[in-house]
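Structure provided below as structure tokens; questions to follow.
Throughout, protein chains are lettered first and strands after them, A, B, ... in sequence-line order, and every chain is numbered starting at 1.
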Amino acid sequence: MGPRVVYIEELRDHVGDEVTIRGWLFNRRSSGKIRFLIVRDGTGFLQCVATAKDTEPQSFELCERLPQETSLVVIGTVRADPRAPGGYELLLSRLQPVQVPEGQFPITLKEHGVGFLMDHRHLWIRMRRQFAILRIRDAVLWAVREFFKREGFVATECPVIVGTQVEGTTTLFPLDYFGEPAYLSQSGQLYLEATCMALGKVYWIGPAFRAEKSKTRRHLTEFWMAEAEAAYFDHEDNLALQERLVRYVVEYVATERRRELEFLGRDATKLLAEVKGPFARVTYAEAVRIVNGRGVPMEYGDDFGAPAEDALSGHFGKPIFVERFPAKIKPFYMKRAPDDPSVVLCADLIAPEGYGEIIGGSQRVDTEEELISQLREYSLPLEPYRWYIDLRKWGSVPHSGFGLGVERTIAWICGVRHIRETIPFPRMLDRLYP
RNA sequence: UCCCGGGUAGCUCAACAGGCAGAGCAGCCGGCUGUUAACCGGCGGGUUGGAGGUUCGAGUCCUCCCCCGGGAGCCA
């Protein structure tokens, strides 16, 4: 048995010790009699230093030959050295290859085009930038779970195969369910409304599918949403909850993943400043005026396009709730404002810096009469929604909820322009491989 | 679906007005005891996305198709 096996992220506690690291060869450099290996192990990257004096001869020889992405076990002494990236390095005693690649690894440390990288996504995720983003993704999802746990929400699940269309079939992926038409869910919301009447405050993190043929940096056909629904929550409770969630997530990531944010060139201080104070809050009508005032044409009744969202986020420099949209451009399940039935008690949360809408939420229709009349207004059939209507017959209460777009949130926190890098294997229009 | 841009070596790109298809990196060989995408010297590397057309001659011009990227609409 060799020295104790440790992970790179634990090295600060092992300075002076001889340890074993199991990982992959990320890069190597040589200056003749001194050779440097960069080894990664999933928790970080480590510089290993090999010299003829300190390193066992056969291992020293291998340092000059092993190709990129060789899986290997390295044994050496941990030491702190300011010349090492990360501050710690391993003085290599010996190494043992696990598997040596025959050819050259497709992804080098040089430039590559996006198309090439996407075709090699299964290997691309081993590179430093992707490593940082995916570890931030992990932190975002943990933060969401921790937040809801603290707020007393119950974790639950929604079906992914559904028979009901939420708003028209064009955005749904159809499925043959033993001869019955079925779809991949575009949101768990309707089911969450049922579940919150049983468990009070509920949330789930699950996939959502949109068959829309959109081709932008903000869209995936398969993406993840953190959805919450709470009985007895009105519109105001809903916004307060969302604001606490977003602030919690950002503060959590800024603390737990500072190193990764730094690597991405993201200024954690700026992020924290953006969520520190109360979020901006405007009505849809005010938002339209602001957008117009910044030179982006749009009329009352239009939905916000990407340029309009960018204009808004540029105006405030912090997250913005846009409330009270015209009912006509929002789905059937949103509750009308009591003082103005042409608008609904909803809000979209627009992220700062042009990252777009990260939350959509609303107070829901809670009476059977309203619900049936709105389904009719939207020309939707009542039959598939029978169970949903049923909820309004048996102790219906005011309730509200929202869905947070996980990838857009990660893109904003990471400061990456395209959300395809925020999920291990993005599904997009014309992108099903790998 | 629409509007742009592109497809040349393993990768990133160049090639004037139609006239011998090139560079950097990667790879291989050699050098270097503190490298940071290391550096220095040498070597090999091509059905120019596909099909057809114009021409003495096509990477370059024309037609169709395929693929990729950027943006729009729709949304989280």
Side-chain angles (χ1 to χ4, degrees), chain A residues 26-38 45 47-55 60 63-65 67-68 79 81-86 89 91 101-120 127-129 166-168 170-171 186-189 205-227 242 302-310 325 329-331 348-351 355-361 402-412 417-420 422-423 428-431 433:
Chain A
F26 182 73
N27 190 24
R28 58 179 162 77
R29 289 181 284 271
S30 167
S31 184
K33 298 293 179 290
I34 182 165
R35 298 168 185 179
F36 301 92
L37 302 183
I38 307 298
F45 294 76
Q47 172 166 287
C48 303
V49 186
T51 70
K53 182 162 65 82
D54 304 292
T55 307
F60 186 65
C63 288
E64 199 76 337
R65 311 234 163 269
Q68 193 184 352
R79 62 187 190 191
D81 191 313
R83 291 171 295 186
E89 65 182 17
L91 182 60
E102 303 257 328
Q104 59 180 303
F105 191 64
I107 311 213
T108 67
L109 273 55
K110 306 291 178 182
E111 293 168 63
H112 295 285
V114 176
F116 177 84
L117 289 170
M118 288 302 303
D119 285 340
H120 296 84
M127 308 309 280
R128 282 191 132 116
R129 176 181 161 85
V166 180
E167 305 144 49
T170 53
T171 61
Q186 56 184 182
S187 160
Q189 186 208 311
I205 300 174
F209 304 88
R210 304 281 163 92
E212 196 62 46
K213 297 198 172 181
S214 42
K215 240 193 109 166
T216 83
R217 65 174 190 275
R218 297 171 176 170
H219 287 87
L220 301 171
T221 52
E222 176 186 69
F223 64 99
W224 287 72
M225 282 206 290
E227 296 181 274
Q242 292 168 39
D302 292 348
D303 219 323
F304 293 99
E309 282 179 354
D310 294 352
F325 277 66
I329 56 172
K330 286 290 177 185
D348 287 354
L349 184 66
I350 313 291
Y355 285 95
E357 180 189 345
I358 54 171
I359 292 183
F402 63 89
L404 170 87
V406 169
E407 286 75 21
R408 285 187 186 176
T409 303
I410 295 166
W412 164 46
R417 188 138 185 87
H418 201 301
I419 64 170
R420 67 185 154 214
T422 64
I423 185 168
M428 298 178 294
L429 184 64
D430 300 327
R431 178 63 68 182
Y433 176 94

Note to self: In the structure I gave you, are the side-chain heavy atoms of A:Q186 and A:F209 within less than 4.5 Å of one another anywhere?
What the structure shows: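 Counting from C-beta outward, A:Q186 and A:F209 never come under 4.5 Å.
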Next item on the list: Using the P atom as the reference point in each nucleotide, state the distance between B:G27 and B:G10 in Å, no decimals.
Entry: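 The same atom, P, in both gives a distance of 15 Å.
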Margin query: I'd like to check A:R79 versus A:L91 (side-chain heavy atoms, cut-off strictly below 4.5 Å). Are they in contact?
Written below: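 Sidechains of A:L91 and A:R79: in contact.
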Margin query: Under 4.0 Å, counting only non-hydrogen atoms across every strand here, what does A:K53 touch: a base, just sugar-phosphate, or nothing?
Written below: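 Nothing, no nucleic acid heavy atom in range.
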Notebook entry, point to check: Looking for any heavy atom pair under 4.0 Å, which part of the strands does A:G305 touch: base, sugar-phosphate only, or nothing?
Noted result: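 Counting heavy atoms under 4.0 Å across all strands, the contact made by A:G305 is with sugar-phosphate only.
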Note to self: Just to be sure I understand the rule, does A:T51 reach a base, reach only the sugar-phosphate, or reach nothing, if contact means heavy atoms closer than 4.0 Å?
What the structure shows: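 No contact.
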Notebook entry, point to check: Given B:C11, B:G27, B:A76, which nucleotide is nearest the side-chain atoms of A:Q104?
Noted result: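 So the nucleotide nearest the side chain must be B:G27.
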Notebook entry, point to check: How would you label the contact of A:D81 with the nucleic acid (heavy atoms, under 4.0 Å): base, sugar-phosphate, or nothing?
Noted result: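 Since a base atom lies under 4.0 Å of A:D81, the category is base.
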Next item on the list: Decide yes or no for A:E212 and A:H219: does some side-chain heavy atom of the first lie under 4.5 Å from some side-chain heavy atom of the second?
Entry: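 A side-chain contact under 4.5 Å is absent here.
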Check: CZ of A:R218 to NE2 of A:H418: how many Å apart, nearest 0.5 Å?
Finding: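 Rounded to the nearest 0.5 Å, the CZ-NE2 separation comes out at 11.0 Å.
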Check: With a non-hydrogen cut-off below 4.0 angstrom, is A:D303 in contact with a base, only sugar-phosphate, or nothing?
Finding: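 The answer is sugar-phosphate, as A:D303 gets under 4.0 Å only of primed atoms, P, OP1 or OP2.
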Next item on the list: Scan every strand shown for a Watson-Crick or G-U wobble partner of B:U1, both distances under 3.5 Å, and answer none if you come up empty.
Entry: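 Paired with B:A72.
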Next item on the list: In whole angstrom, give me the gap between the C1' atoms of B:G42 and B:G34.
Entry: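 Straight-line distance between the two C1' atoms is 26 Å.
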Item checked: Residue met sooner reading RNA chain B from 5', once A:L117 and A:G32 are mapped to nucleotides ->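 Result: A:L117.
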Next item on the list: Just call it for A:A52: base, sugar-phosphate, or nothing, with non-hydrogen atoms closer than 4.0 Å on any strand.
Entry: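 Counting heavy atoms under 4.0 Å across all strands, no contact is made by A:A52.
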Next item on the list: Answer whether the closest heavy-atom distance between the side chains of A:I419 and A:F223 falls below 4.5 Å.
Entry: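 A:I419 vs A:F223: side chains apart.
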Next item on the list: Report yes or no: is the cationic atom of A:R408 (NZ for Lys, CZ for Arg) under 6.0 Å from the centre of the six-membered ring of A:Y355, at an angle within 45° of the ring normal?
Entry: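 Pair A:R408/A:Y355 does not count as cation-pi.
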Next item on the list: Among the candidates B:G69, B:A76, B:G70, find the nucleotide nearest to the side-chain atoms of A:M118.
Entry: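 In terms of side-chain proximity for A:M118, the closest of B:G69, B:A76, B:G70 is B:G69.
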Next item on the list: Output the single nucleotide from B:G34, B:U33, B:G73 whose closest atom is nearest the side chain of A:K33.
Entry: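 Closest nucleotide to the A:K33 side chain: B:U33.
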Notebook entry, point to check: Taking the side chain of A:K215 as heavy atoms from C-beta outward, which of B:A76, B:G71, B:C32 is closest to it?
Noted result: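 So the nucleotide nearest the side chain must be B:G71.
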Next item on the list: Mind checking A:L404 for me? I need base, sugar-phosphate or nothing, with any heavy atom below 4.0 Å counting as a touch.
Entry: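 Nothing, no heavy atom under 4.0 Å.
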Check: When we call it a touch if two heavy atoms are under 4.0 Å apart, what does A:T409 touch: a base, just sugar-phosphate, or nothing?
Finding: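 Since no nucleic acid heavy atom lies under 4.0 Å of A:T409, the category is nothing.
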Check: When the P atoms of B:G24 and B:G19 are considered, how many whole Å apart are they?
Finding: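 After rounding to an integer number of Å, I get 24 Å for this pair.
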Item checked: Nearest-neighbour nucleotide for the A:R210 side chain, B:A76, B:A37, B:C32 considered ->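 Nearest listed nucleotide: B:A76.
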Margin query: When both hydrogen-bonding distances must be under 3.5 Å and the geometry is Watson-Crick or G-U wobble, what is B:A26 paired with, if anything?
Written below: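 Pairing partner, where one exists within any strand: none, as none qualifies.
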Next item on the list: Please state whether the rings of A:H120 and A:F116 are parallel, tilted or perpendicular, taking 30° and 60° as the class boundaries.
Entry: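 Rings of A:H120 and A:F116: tilted, 30 to 60°.
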Note to self: Of the listed nucleotides (B:U33, B:A37, B:C75), which one gets closest to any side-chain atom of A:E309?
What the structure shows: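 In terms of side-chain proximity for A:E309, the closest of B:U33, B:A37, B:C75 is B:C75.
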Checklist line | Quiz item: A:H112 side-chain donor-acceptor pair to B:C11 base, under 3.5 Å | finding: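 Flag unset: no donor-acceptor pair detected.
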Next item on the list: Determine the Euclidean distance between corresponding P atoms of B:G49 and B:G6; express it in Å to zero decimal places.
Entry: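 Comparing P positions in B:G6 and B:G49 gives a spacing of 13 Å.
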Next item on the list: Please give the nucleotide sitting opposite B:G19 as a Watson-Crick or G-U wobble pair, both distances under 3.5 Å, or none.
Entry: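 Across any shown strand, B:G19 pairs with B:C56.
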Check: With respect to the phosphate group of B:U12, does any side-chain polar atom (N or O) of A:K110 fall under 4.0 Å of OP1 or OP2?
Finding: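 No, A:K110 has no side-chain N/O under 4.0 Å of OP1/OP2 on B:U12.
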Next item on the list: Classify the nucleic acid contact of A:R420 as base, sugar-phosphate or nothing, counting any heavy atom under 4.0 Å across all strands shown.
Entry: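 The residue A:R420 makes sugar-phosphate contact but no base contact.
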Check: Counting side-chain heavy atoms from CB outward, which of B:G73, B:G70, B:C32 is closest to A:E64?
Finding: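 Of the candidates, B:C32 comes closest.
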Next item on the list: Have a look at A:R35 and say if it touches a base, only the backbone sugar-phosphate, or nothing, with a 4.0 Å heavy-atom cut-off.
Entry: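 No contact.
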Next item on the list: Quote, to the nearest angstrom, the C1' distance that separates B:A14 from B:G52.
Entry: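 It works out to 28 Å between them.
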Notebook entry, point to check: Taking the same atom, C1', in B:A17 and in B:G7, what whole-Å distance lies between them?
Noted result: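 Those two atoms are separated by 23 Å.
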Next item on the list: Report which part of the nucleic acid A:H120 touches: base, sugar-phosphate, or nothing (heavy-atom distance under 4.0 Å, all strands).
Entry: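 Nothing, no nucleic acid heavy atom in range.
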Next item on the list: To the nearest Å, give me how far apart CD (A:E111) and P (B:A23) are.
Entry: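 Distance, rounded to whole Å: 19 Å.
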Next item on the list: State the pairing partner of B:U63; accept Watson-Crick or G-U wobble contacts with both distances under 3.5 Å, and report none otherwise.
Entry: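 Across any shown strand, B:U63 pairs with B:A51.
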Check: Contact class for A:E407 vs. all strands (heavy atom < 4.0 Å): base, sugar-phosphate, or nothing?
Finding: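 The residue A:E407 makes no contact with any strand.
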Check: What nucleotide, of B:U33, B:G70, B:C75, holds the atom closest to the side chain of A:S31?
Finding: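 Out of B:U33, B:G70, B:C75, the nucleotide with an atom closest to A:S31's side chain is B:U33.
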Notebook entry, point to check: Between B:A37, B:A26, B:U1, which one does the side chain of A:L429 approach most closely?
Noted result: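 Comparing B:A37, B:A26, B:U1 against the side chain of A:L429, the answer is B:U1.
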Margin query: When the C1' atoms of B:C74 and B:U60 are compared, how many Å lie between them, rounded to an integer?
Written below: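 The answer is 40 Å between these two C1' atoms.
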Notebook entry, point to check: Taking atom P in both B:C20 and B:C25, what distance in whole Å separates the two?
Noted result: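 26 Å, rounded to whole Å.
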Item checked: Worked check of side chain to side chain donor-acceptor pair (under 3.5 Å) between A:T108 and A:H112 -> CA-CA 8 Å; A:T108 67; A:H112 295 285; 3.1 Å; yes
Check: If we require ring centres under 5.5 Å and near-parallel planes under 30°, does A:F36 stack on B:G34?
Finding: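 Given the distance and angle limits, no, they do not stack.
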Note to self: Base, sugar-phosphate or nothing for A:E227? Non-hydrogen atoms, less than 4.0 Å.
What the structure shows: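 Touches nothing.
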Check: Start at the 5' end of RNA chain B and walk down; is the nucleotide closest to A:E89 or to A:R431 reached first?
Finding: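 Its nucleotide being nearer the 5' end, the pick is A:E89.
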Notebook entry, point to check: Using purine N1 to pyrimidine N3 plus N6-O4 or O6-N4 for Watson-Crick, or N1-O2 and O6-N3 for G-U wobble, each under 3.5 Å, what pairs with B:A9?
Noted result: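 Pair assignment: B:A9 / none.
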Notebook entry, point to check: Would A:E64 and A:S30 count as having a side-chain donor-acceptor pair, cut-off 3.5 Å?
Noted result: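 Yes, a side-chain donor-acceptor pair sits under 3.5 Å.
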Note to self: Heavy atoms only, 4.0 Å cut-off, all strands: where does A:R79 land among base, sugar-phosphate and nothing?
What the structure shows: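 The answer is base, as A:R79 lies within the cut-off (heavy atoms under 4.0 Å) of a base atom.
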Note to self: Counting only side-chain heavy atoms from C-beta out, which of B:C11, B:A76, B:G71 sits nearest to A:R217?
What the structure shows: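 For A:R217, the side-chain atoms sit closest to B:G71.
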